Amino acid sequence: MLSPPVDMACLNVWFKILQQQRTFIQMRTILKVVDNSGAKKVMCIQSLKGKKGARLGDTIVASVKEAMPNGKVKKGKVVYGVVVRAAMQRGRCDGSEVKFDDNAVVLVDKQGQPIGTRVFGPVPHELRKKKHVKILTLAEHIA
């Protein structure tokens, strides 16, 4: 019996997708906004901690790229945000690792208080260590 021919280029593409390296949230990374502040997508301008970029629970400076017409935040505004979901994996104390499918952020003011009144989707409990307890109280699901 003969096996069907295998396209090596197709296999190579699938291998690269499986081996995709997840990295820090860095400059020009597009993030989904998961609160009801009015913004839909933001682009990271700067990470406020570390040279490489931001991880779970870090604060970033971002520019609003998409916004709802009647929201609190308008398109083009420069805002602060806390990373609540990151595709890059992060180890926990018990040896497990947490990572998400997307990069998401909650918009905050300069004092660290959330702009919106609701947070959608899962939020990891590591935010408690980073002093973002207010975001955890607004979250509907804590992972």
Side-chain angles (χ1 to χ4, degrees), residues 4-143:
V6 177
D7 187 10
M8 290 306 287
C10 185
L11 274 176
N12 204 6
V13 168
W14 278 108
F15 184 73
K16 286 186 180 190
I17 289 172
L18 290 174
Q19 297 293 326
Q20 186 178 20
Q21 182 66 35
R22 304 291 185 160
T23 60
F24 290 91
I25 292 167
Q26 55 195 356
M27 194 185 306
R28 298 183 64 86
T29 301
I30 301 291
L31 298 106
K32 182 179 175 182
V33 180
V34 291
D35 60 8
N36 62 348
S37 61
K40 291 181 182 176
K41 291 194 183 213
V42 295
M43 183 177 73
C44 178
I45 296 174
Q46 181 184 15
S47 170
L48 294 181
K49 182 183 175 230
K51 293 180 183 176
K52 285 187 176 179
R55 296 182 81 175
L56 215 52
D58 290 346
T59 305
I60 62 168
V61 181
S63 170
V64 178
K65 289 298 175 187
E66 286 182 32
M68 292 168 52
N70 54 358
K72 297 176 189 172
V73 180
K74 303 296 180 205
K75 182 179 174 184
K77 186 175 180 187
V78 176
V79 292
Y80 288 89
V82 174
V83 179
V84 294
R85 292 201 294 263
M88 183 179 179
Q89 64 189 22
R90 179 176 177 135
R92 286 187 168 170
C93 297
D94 60 354
S96 64
E97 292 180 338
V98 61
K99 70 177 177 178
F100 295 94
D101 292 335
D102 60 346
N103 296 317
V105 70
V106 170
L107 300 185
V108 295
D109 57 9
K110 287 190 177 184
Q111 288 77 33
Q113 298 301 314
I115 294 174
T117 56
R118 295 176 67 196
V119 176
F120 307 110
V123 174
H125 65 81
E126 279 88 357
L127 294 181
R128 184 164 287 135
K129 293 178 196 160
K130 302 266 186 163
K131 307 287 190 267
H132 298 296
V133 181
K134 180 74 175 171
I135 294 173
L136 282 172
T137 59
L138 297 175
E140 60 184 21
H141 184 267
I142 297 173

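Just so you know, these numbers come straight off a predicted model, no measurement behind them.
- Taking CD1 of Ile135 as the reference point, atom CG of Leu127 lies at 6.0 Å (rounded to 0.5 Å).
- For the pair Arg85 (side chain) and Pro122 (backbone), a donor-acceptor distance under 3.5 Å is present.
- The environment of NZ in Lys74 is crowded: more than 12 heavy-atom neighbours from other residues, nucleotides or ligands sit within 6.0 Å.
- Heavy-atom minimum distance, Ala54 versus Val83: CB-CG2, 4.3 Å.
- Here the shortest heavy-atom pairing between Asn103 and Ala86 reads OD1-CA, 3.4 Å.
- In this structure, His125 and Arg92 have side chains that are in contact, with non-hydrogen atoms separated by less than 4.5 Å.
- Minimum heavy-atom separation, Met88 to Phe24: SD-N, 3.7 Å.
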Could you list the donor-acceptor pairs under 3.5 angstrom formed between side-chain atoms of residues 136-143 and any protein atom two or more places apart in sequence or on another chain?
residue : atom : partner : partner atom : Å
Thr137  : OG1  : Lys134  : O            : 2.6
Glu140  : OE2  : Gly121  : N            : 3.1

For residues 55-71, please give each side-chain donor-acceptor pair under 3.5 Å, one per line with the distance, not counting sequence neighbours.
residue : atom : partner : partner atom : Å
Arg55   : NH2  : Gln89   : O            : 3.3
Asp58   : OD1  : Lys130  : NZ           : 3.0
Asp58   : OD2  : Arg55   : N            : 2.9

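- Nearest heavy-atom pair across Phe100 and Val84 is CE1-O, 4.2 Å.
- For the atom pair CG of Asp94 and CD of Glu97, the computed distance is 10.5 Å after rounding to the nearest 0.5 Å.
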Below 3.5 Å, can you tabulate the donor-acceptor pairs from side chains in residues 29-43 to any protein atom, sequence neighbours excluded?
residue : atom : partner : partner atom : Å
Thr29   : OG1  : Gln26   : N            : 3.1
Thr29   : OG1  : Gln26   : O            : 2.8
Asp35   : OD1  : Ser37   : N            : 3.4
Asp35   : OD1  : Ser37   : OG           : 2.9
Asp35   : OD2  : Leu107  : N            : 3.1
Asn36   : OD1  : Thr117  : N            : 2.7
Asn36   : OD1  : Arg118  : N            : 3.2
Asn36   : ND2  : Thr117  : OG1          : 2.9

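- Atom NZ of Lys75 sits in a sparse spot, with 12 or fewer heavy atoms from other residues, nucleotides or ligands closer than 6.0 Å.
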